[in-house]
Each structure stands twice: as structure tokens, then as C-alpha cells.
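If you're wondering where the values come from, they're calculated on a predicted model, not measured in any experiment. Ligands are counted one by one from 1 in listed order, and the atoms in each one are counted from 1 as well.
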Amino acid sequence: MNHFDEVVADVDVGFYQENGYWIGPTIFTPEELTLFREHHAKVVAGEYETGREPHSRSIPAGDPIDQIVKIDNSYWSDSVLAKLVLNPTIGAIAAKLAGVAGIRLWHDQLLHKPPQTDTDAGAVGWHQDWFYWQCAQPANMLTAWVALVDVDERNGCMEVVPGSHKWGLQDDSDFFAQDLAALQQSIEKSSGKPFQTASCVLPAGAVSFHHCLTIHGSRPNLSAAPRLSMVLHLLPAGTRYKRGTPADAHANVRLLSGMDGDPFAGPYFPFLYHQDGSRNPWD
Ligand SMILES: O=C(O)CCC(=O)C(=O)O
């Protein structure tokens, strides 16, 4: 029996399939977390251990942190964060939840949500991840959200709308929207469904998973310390490029030949896990 079979039971897979999310186990030790937080802070400060820039960052290094910092593909810049992002246990759990043989990285997202007592600027607007990823099909992708500190409602933990992965694609996704109430109203109107949320409360080192069509977002951080996390956007092996969708401008499309049906594969989409055991990060 593989280790992940002990931490994700069939009942958990059923919960994920029914609700579009699952609160997973604690994966990382306090010692690992200390190291991850140090390297997370280095990347936020623009200190890139590998000498390579991340793919993108929402605010330049050195600017005052008065809004959420979002850095994509931080693992290019830091080998310690790369170990977290390519964690095979997370990959194995994701494969089991999604019912697939192998899991690759789509891209990572380093998040630093500063304390925001006087403004809403730390919120993450309601969205479905696949709204931004329609170029990758089928829509069976998922996300692993790793807490580097304890997260709860006080510091703006992620909230999901259970079951919303069955509502189909909504047009109103907006990660950077700050008025959550207005966005909720608009999604409720277009979907015809009432919005109920569940909080993803996690101790440091634990991971939650959500389906790429699950609506999620988060409120501002009302605590005194930053909310620190690493987000692993994951790709079932065999996911292919669909040409001509509204997401054709996604950065990952530029890493392919451009042919309709190209597999998202190769070194830019490293494996976290494959059930045949022949996992090769740079395959
Ligand atoms: O961390 C948050 O509040 C939102 C993260 C998110 O959008 C995601 O994990 O896909």
C-alpha cells in the first residue's frame, strides 16, 4: 500500500467529487516549514537563489506590500520551493482525487497576504481557476493549497463554494476583484444558484485541494501577521491544448508548438507523480 492510500480514503475521494474540494492532511514538518518560510520571504524580496526570475509577480520586489503578492512559478527561482512544489505525496493524493494516473505541475503561485485592518485590498475575488485555463482540456485540473502558517477566517483563509464545480463555467471570475459581495451577487444572478461558502481552515503544513471549476476566493487578513501559502496548480497527465479559447493568451500556451491538441508535457510541466513509478521530473 502506498503512503497516500493511508491519508486519502475512498470516502475522501467521494467528498471531493461531490463537493469540489477536500481538506487534506498535514504534509510538512515544522522544520520544513521554517525553511519554506525563509525561502518564500527571499523570493518575495526578489532574492532568487537559482538566478532565474519567476514567471511573473503582481508587484515588483521592494515595493511596499499593501496588497496581496502573487508570484507565478516561484519554483524556477528557488530550489527549496521547488521541492515543496514538486512534492510526490501531494501529487499522489491529487492523482487519487482526480482519478488519473499522473499529475504534472501547471504552474505554482506563491501568495503573501499582508495584514489589512483598514482596507479590503487583501481579498481574492471569487473565481473558477479554469476560467483562466480554458486552453487546457479536459477541465479535470485541480489545485493543492499549502498553508505555511495556520490559516482561518481571521487571516483570510480560502473559502470555497461547495458543489459549484458542477455549475459549469461562469463568466464572472475575477481573482483581483475586491468587492466580494458584488461579485457574489453577479454570479448568483447568472448561475441562478445561491452562494454558500465553506472555509478551508488549515494548520501550518497542511494542504487543501479544489477542483478547477470550484468557485473560491478569500477575505482580507485581519490578523497582525501575513498569511503565507504556496499554491500548486496541477495538471492530470494527458491534458491537451485547445486552440482558440479565451485563454489562448495564457503563458503556458507559449511553451507549446501551437498545434491544437498539443499535450501539456515536457520539462515545463514536470511530474509530481505517476502511478507507474517512472516519475521523472524533467520528462
Ligand atoms: O489564497 C487564496 O485566497 C486564493 C487562492 C486561489 O485562488 C487558488 O488557490 O486557486
Working for side chain to side chain donor-acceptor pair (under 3.5 Å), residues T143 and D129: CA-CA 9 Å; T143 290; D129 292 330; 3.2 Å; yes

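For ligand 1, the atoms lying closer than 4.0 Å to a non-hydrogen atom of H233 are 10 (O). Remark: ligand 1 atoms within the under-4.0 Å shell around heavy atoms of V231 are 9 (O). Close approach to S218 involves these atoms of ligand 1, each under 4.0 Å from a residue heavy atom: 2 (C), 3 (O). Listed by number with element, the atoms of ligand 1 under 4.0 angstrom from any heavy atom of H127 are 7 (O).
Panel note: side chain S223, backbone R154; no donor-acceptor pair is recorded below 3.5 Å. Checking side-chain atoms of H216 against main-chain N and O of T214 turns up a donor-acceptor pair under 3.5 Å.
Nearest to atom 2 (C) of ligand 1 among the protein's heavy atoms is R227 NH2, 3.5 Å. Closest protein heavy atom to atom 5 (C) of ligand 1: W145 NE1, 3.6 Å. Remark: minimum distance from atom 10 (O) of ligand 1 to any protein heavy atom is reached at H216 NE2, 2.9 Å.
F264 pairs with exactly one of F269, F271, W133 by the ring-ring contact (aromatic ring centres under 6.0 Å, His included) rule, that one being F269.
Remark: distances from the non-hydrogen atoms of H210 to ligand 1 include one below 4.0 Å.
Annotation: side chain of K113 is not in contact with side chain of S229 (no heavy-atom distance under 4.5 Å).
Taking the centre of each ring, F36 and F28 come in below the 6.0 Å mark.
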